[in-house]
Novice: 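Before I ask anything, here is the structure I am working with.
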Amino acid sequence: MKFESQVVHAGDRKREHTEAIPSTTPIHLATTYFYETAEQLDRIFGHEEEGPSYSRYDNPTNSALEELTTLLENGHGSLATCGGMTALHIAFQAALLDRPHSIVSSSSIYGATVKLLDQILAPFEVNVTYVDICDLDAVEKAIAAEKPGCVFLESVSNPILRVADIPKIAAIARAAGAAVVVDNTFACPMLMRPLDLGANMVVHSATKYLAGHGDVLGGIIVSDADHHENVRMLSRIAGGTLGPFESYLTMRGIKTLALRYERQCQNARKLAECLAAHPAVERVYYCADPRHPDAATIKQLFAPDLYGAVLAFEIKNADKAKVLGFMNRLKMVVPGTSLGDVHTLLLYPAMASHRDIAPKMRERMGIRENLVRVAVGIEAVQDIYADLDSALRTP
Ligand SMILES: *Cc1c(COP(=O)(O)O)cnc(C)c1O
């Protein structure tokens, strides 16, 4: 071979080490795969045999992650996507592909998901109706009136942590022929598994608890047998799949999910107790609170002794300037958006996630100007509390 060919081929595509099994899934960056014989590749293109051929269809690193998430959410199959929003977009399309183009959605959802519904799907003739998802009568009426192709909700709402009765909602939706899509990002499969409760598709922003370290933007769709093929078909054509490096990081992150999430939940519970007794705190929102409006549903749906790792609290007599001052005084807690990371994150909804919502509407959603959200990390809880406590003291 001449130099120009050597630089392209030497060292690549070796077969002598195929007996050795790597102890973790390697990062397969190759976009194209071939086999010993062209006949085998032909069978793979013809779906008679499973295997990768081109990375938009299948990638060995992504397949390993997808096998893992399918198991964790007890689904039929998964798709790893380049972000939670892409996962939601594909899930909505998969739900509506052969159903009426109408979605009944919880009104209490992630801000970008509202924009996906209103600014991307609605202009393509998808009718979107919002409903208070914790009001079962209202949900039943909306489904009867709209006859939607899809019902959408988040398993735990952001930021005031309302928990809808997924089994009842799924039964009503399924009886009406609608697919049920649940965003399980906040709960993560350790707290509840929506497919077991009657959902058809579960979506995650893998950016949050699954990857867990603030260094991956990724998404996951786990589907039942009726929807998985639609999901894969959409991404086979339109792409949106996760990169193999991010797949590797997500899989690596998930290896410690149980440890991280258990610790984060324990920390959140202790923190909620301490903050409830703090003189500068007006009110704490946390799912372990026996006065929580959805306490019965929480008891029924959540795993025993786990109440989630997100809490929110209102600072006494605080306006925007005072909340910003409090954030400026934090030394360890990171005043940044996102959640699910090993480090504790504090978010101010009125400034960040719910910024674009009119103040009156925000108040109606229960999000006041003095409310902050804490996504509790794995640090020593004493350090997290000490940081919040000292920042809460007026300088
Ligand atoms: C972050 C988030 C998303 C969006 O996911 P990205 O990975 O940022 O695209 C969707 N839903 C919920 C509940 C989220 O927290």
Side-chain angles (χ1 to χ4, degrees), residues 62 65 69 73 78-93 103 105-121 130 133 150 152-164 166 181-192 194 199 201-222 235 239-243 245-247 249-250 253-254 257 261 264 268 287 308-312 334 336-341 344-349 352-357 365 367 373-377:
N62 287 30
L65 169 65
T69 52
E73 284 287 7
S78 294
L79 175 76
T81 66
C82 57
M85 293 316 301
T86 305
L88 283 165
H89 195 183
I90 293 175
F92 290 136
Q93 289 175 324
I103 299 176
S105 168
S106 161
S107 55
S108 181
I109 54 172
Y110 186 64
T113 311
V114 175
K115 288 184 189 165
L116 169 62
L117 293 170
D118 291 351
Q119 294 176 29
I120 297 184
L121 294 177
Y130 294 101
I133 204 75
C150 173
F152 173 70
L153 64 145
E154 294 178 1
S155 47
V156 178
S157 86
N158 174 31
I160 59 163
L161 313 173
R162 294 295 306 266
V163 180
I166 297 178
V181 177
V182 176
D183 182 333
N184 201 29
T185 301
F186 266 60
C188 107
M190 278 195 59
L191 207 59
M192 71 159 98
M201 279 177 271
V202 170
V203 173
H204 279 275
S205 167
T207 313
K208 317 292 167 55
Y209 289 104
L210 297 183
H213 295 73
D215 50 11
V216 174
L217 195 70
I220 298 283
I221 307 166
V222 190
S235 88
T241 51
L242 189 60
F245 181 57
E246 285 77 13
S247 264
L249 284 177
T250 305
I254 292 175
L257 174 64
Y261 198 65
Q264 286 163 328
C287 289
V310 177
L311 60 88
V334 181
T337 185
S338 197
L339 67 142
D341 291 338
T344 300
L345 284 156
L346 184 131
L347 172 131
Y348 181 27
S353 56
H354 295 71
R355 186 186 186 98
D356 294 340
I357 299 170
M365 293 168 81
I367 301 162
R373 182 192 85 187
V374 186
V376 183

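Read the numbers this way: they start at 1 and go in the same order the structure lists the ligands and their atoms.
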Novice: Testing the basics here: between A87 and I221, what is the closest heavy-atom pair and its distance to 0.1 Å?
Specialist: O-CD1, 3.3 Å

Novice: Which residue and atom name correspond to the protein heavy atom nearest atom 6 (P) of ligand 1, and how close is it?
Specialist: G84 N, 3.3 Å

Novice: To check you understand the geometry: which heavy-atom pair defines the closest contact between E154 and S108, and what is its length?
Specialist: OE1-O, 4.0 Å

Novice: Hey, could you give me the OG1/CG distance between T86 and L217, rounded to the nearest 0.5 Å?
Specialist: 8.0 Å

Novice: Among all the protein's non-hydrogen atoms, which is closest to atom 8 (O) of ligand 1, and how far away is it?
Specialist: L217 CD1, 3.9 Å

Novice: Any N or O on L339 sitting closer than 3.5 Å to an N or O of ligand 1?
Specialist: no

Novice: Cationic tip of K208 within the cone over Y110's six-membered ring, i.e. under 6.0 Å and within 45° of the normal?
Specialist: yes

Novice: Of the protein's non-hydrogen atoms, which lies at the shortest distance from atom 12 (C) of ligand 1, and what is that distance?
Specialist: D183 OD2, 3.4 Å

Novice: Which residue and non-hydrogen atom of the protein lie closest to atom 2 (C) of ligand 1, and at what distance in Å?
Specialist: K208 NZ, 2.5 Å

Novice: Do Y130 and D118 have side-chain N/O donor and acceptor atoms under 3.5 Å apart?
Specialist: yes

Novice: Considering the heavy atoms of G218, write down every atom of ligand 1 situated less than 4.0 Å from one of them.
Specialist: 7 (O)

Novice: Between A187 and M192, what is the shortest heavy-atom contact and its length?
Specialist: CB-CG, 4.1 Å

Novice: Quick one: does G340 get a heavy atom under 4.0 Å from ligand 1?
Specialist: no

Novice: With the threshold set at under 4.0 angstrom, would you say N158 reaches ligand 1 through any of its heavy atoms?
Specialist: no

Novice: So, S78 versus T69: side-chain donor-acceptor pair below 3.5 Å or not?
Specialist: yes

Novice: When you look at M201 and V182, which way does the side chain to side chain contact (heavy atoms under 4.5 Å, CB included) test go after all the steps?
Specialist: CA-CA 6 Å; M201 279 177 271; V182 176; over 6 Å; no

Novice: Which protein heavy atom lies closest to atom 3 (C) of ligand 1, and at what distance to 0.1 Å?
Specialist: Y110 CE2, 3.4 Å

Novice: Judging by distance only, is a nitrogen or oxygen of E154 under 3.5 angstrom from one on ligand 1?
Specialist: no

Novice: Under 4.0 angstrom from ligand 1, any heavy atom of V203?
Specialist: no

